[in-house]
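Below is one structure; the comments refer to it alone.
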Amino acid sequence: MINITEKLYTKIKSVIDTWHKKDIYAISFFVYSNEAYEYRGFSNVSSFAISYNREKDCKGAGPLDEERWNYAYWRQDETPIINPDRPNELTDLLFDWYKENGITNIGAEDDDCYDENMHYIGKGPVGHYELLTLASEVAKRLQQEGYIENHFGKKLPIIIHGLEYAWYDIEATQNANIHGEADTFIKAMKELGMI
């Protein structure tokens, strides 16, 4: 049985161990699918990268301002964890995990993914929601163990997202930040009309 969450946890923790900026206020777990991403004969597969944003990057934005929380304004200096363009051991492991768990037709999207009010209710292309869930599990463990607070000397939210803040991104973020670390982010997203 493939224990991909343990491998992801170890890799992510090793990257975060190198982050020592004092003004980091949020961590990004960027899970993104793109039709151009291809791997093992599948297209529209998802990637996973991590980064952070600093107070100096948002130039004095208020606690609920879009510049503080919308990834479009962030530095976007990511460290790839799973990258279909430059596959690594974790990319291979993810696709082996998909197979082991009966997740097939990676990258395919359901045509019936909107409700009667045209709100998106889908889970992204096949494999995306599953990777997002893995990212959320790792983030939750980092928060549960107190690793983030111990490393940075304060509580920080881990925001799990794509370019848009779909319902499943918000769900994953809430599930990961078990002590309310992302409450301000969620409030900001509501006030900005993004959720």
Side-chain angles (χ1 to χ4, degrees), residues 1-19 26-52 71 76-110 113 122-152 156-179 181-182:
M1 186 170 173
I2 298 170
N3 189 354
I4 191 167
T5 53
E6 189 63 34
K7 298 276 189 184
L8 288 170
Y9 172 83
T10 301
K11 174 63 176 175
I12 290 165
K13 201 169 166 188
S14 74
V15 172
I16 294 175
D17 280 342
T18 68
W19 297 349
I27 296 169
S28 163
F29 278 22
F30 182 60
V31 181
Y32 177 66
S33 65
N34 187 313
E35 291 178 3
Y37 295 163
E38 294 186 8
Y39 186 68
R40 289 192 184 176
F42 297 104
S43 60
N44 200 26
V45 299
S46 295
S47 63
F48 176 20
I50 63 173
S51 64
Y52 56 82
Y71 191 66
Q76 300 181 20
D77 184 16
E78 302 142 343
T79 300
I81 303 299
I82 292 177
N83 185 352
D85 286 341
R86 294 184 180 190
N88 58 22
E89 175 190 346
L90 288 172
T91 308
D92 292 335
L93 193 64
L94 174 65
F95 277 76
D96 292 344
W97 180 85
Y98 284 153
K99 185 176 181 179
E100 180 180 84
N101 287 277
I103 301 164
T104 59
N105 208 15
I106 308 300
E109 293 196 61
D110 186 0
C113 55
K123 294 183 175 181
V126 174
H128 184 82
Y129 186 79
E130 293 79 4
L131 178 56
L132 190 81
T133 301
L134 292 170
S136 183
E137 289 173 15
V138 170
K140 182 178 181 177
R141 181 174 170 191
L142 291 168
Q143 298 289 31
Q144 275 179 326
E145 293 178 353
Y147 168 77
I148 298 298
E149 186 174 7
N150 290 335
H151 181 73
F152 294 101
L156 298 177
I158 300 174
I159 312 301
I160 303 162
H161 63 95
L163 291 177
E164 305 289 327
Y165 295 90
W167 68 267
Y168 47 75
D169 295 325
I170 301 304
E171 176 186 86
T173 298
Q174 288 176 313
N175 289 341
N177 293 279
I178 57 171
H179 303 297
E181 295 91 347

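The structure presented is a predicted model; accordingly, all values stated were derived computationally and were not measured.
- Applying the salt bridge (charged side-chain N to carboxylate O under 4.0 Å, His left out) test to E38 and every residue at least two apart in sequence or in another chain returns nothing.
- In this structure F30 satisfies the ring-ring contact (aromatic ring centres under 6.0 Å, His included) test together with Y32, Y71, H161, sequence neighbours excluded.
- I148 contributes atom CD1, which lies 9.5 Å from atom NZ of K13 (distance to the nearest 0.5 angstrom).
- For the residue pair D17 and Y147, a side-chain donor N or O sits within less than 3.5 Å of a side-chain acceptor on the partner.
- Summarising the local packing, CD of E35 is surrounded by 12 or fewer heavy atoms from other residues, nucleotides or ligands at distances under 6.0 Å.
- Residues A176 and I160 come closest through the heavy atom pair CB-CD1, 3.7 Å.
- Atom CG of residue L8 and atom CG of residue L93 lie 7.5 Å apart, to the nearest 0.5 angstrom.
- Here D77 pairs with R75 under the salt bridge (charged side-chain N to carboxylate O under 4.0 Å, His left out) rule; sequence neighbours left out.
- A donor-acceptor pair under 3.5 Å links the side-chain atoms of S136 to the main chain of A172, judged by distance alone.
- Side-chain atoms of E130 come within 3.5 Å of backbone atoms of G127 as a donor-acceptor pair (strictly under, hydrogens ignored).
- Judged as a salt bridge (charged side-chain N to carboxylate O under 4.0 Å, His left out), and not counting sequence neighbours, E100 has no contacts.
- Taking CD1 of I159 as the reference point, atom CD1 of I50 lies at 14.0 Å (rounded to 0.5 Å).
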Discussion item. Could you walk me through whether F152 and I16 satisfy the side-chain contact (heavy atoms from CB on, under 4.5 Å) test, starting with their C-alpha distance in whole Å, then the side-chain angles of each, then the deciding distance to 0.1 Å, before giving a yes or no?
Written reply: CA-CA 10 Å; F152 294 101; I16 294 175; 3.8 Å; yes

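- The shortest side-chain heavy-atom distance between N44 and P125 falls under the 4.5 Å cut-off.
- Atom CD1 of I27 and atom NE2 of H151 lie 8.0 Å apart (nearest 0.5 Å).
- In this structure N177 satisfies the side chain to side chain donor-acceptor pair (under 3.5 Å) test together with Q143, sequence neighbours excluded.
- With a 4.5 Å cut-off on side-chain heavy atoms, L94 and F48 do not count as touching.
- With rounding to the nearest 0.5 angstrom, the CD atom of E164 is 9.5 Å from the CG atom of D169.
- Few gaps surround CD on E145; more than 12 heavy atoms of other groups in view lie less than 6.0 Å from it.
- Side-chain contact between N3 and T5 is present, with at least one heavy-atom pair separated by less than 4.5 Å.
- Formation of a donor-acceptor pair under 3.5 Å by the H128 side chain with backbone atoms of V45 is not found in this model.
- Rounding to the nearest 0.5 Å gives a distance of 9.0 Å between CG of L163 and OG of S33.
- Contact check on R141 versus E137 returns no salt bridge, with no Lys/Arg side-chain nitrogen under 4.0 Å from an Asp/Glu carboxylate oxygen.
- Contact annotation: the side chain of L142 approaches that of F29 to within less than 4.5 Å [non-hydrogen atoms, C-beta and beyond].
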Worksheet item: Hey, mind stepping through E171 and Y129 against side chain to side chain donor-acceptor pair (under 3.5 Å) and telling me if it holds?
Response: CA-CA 11 Å; E171 176 186 86; Y129 186 79; 2.7 Å; yes

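- No donor-acceptor pair closer than 3.5 Å links the side chain of H179 to the backbone N or O of Q144.
- No side-chain heavy atom of Y98 sits under 4.5 Å from any side-chain heavy atom of V126.
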Fill in: K140 and I178: CA distance, side-chain angles, deciding distance, side-chain contact (heavy atoms from CB on, under 4.5 Å) verdict
CA-CA 7 Å; K140 182 178 181 177; I178 57 171; 3.7 Å; yes

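- Side chain to side chain, N175 and T173 fail the donor-acceptor criterion of an N or O pair below 3.5 Å.
- A distance-only check finds no donor-acceptor pair linking the side chain of N101 to the backbone of I103 [under 3.5 Å].
- Between I106 and F42, the shortest heavy-atom contact is O-CD2, 3.5 Å.
- Closest non-hydrogen pair, S47 versus Y37, comes out as OG-CE1, 3.6 Å.
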For residues 81-90, which side-chain N or O atoms pair as donor and acceptor with protein atoms under 3.5 Å away, sequence neighbours left out?
unit_1	atom_1	unit_2	atom_2	d
N83	OD1	D85	N	3.0
N88	OD1	L90	N	3.0
N88	OD1	T91	N	2.8
N88	OD1	T91	OG1	2.9
N88	ND2	I81	O	3.0

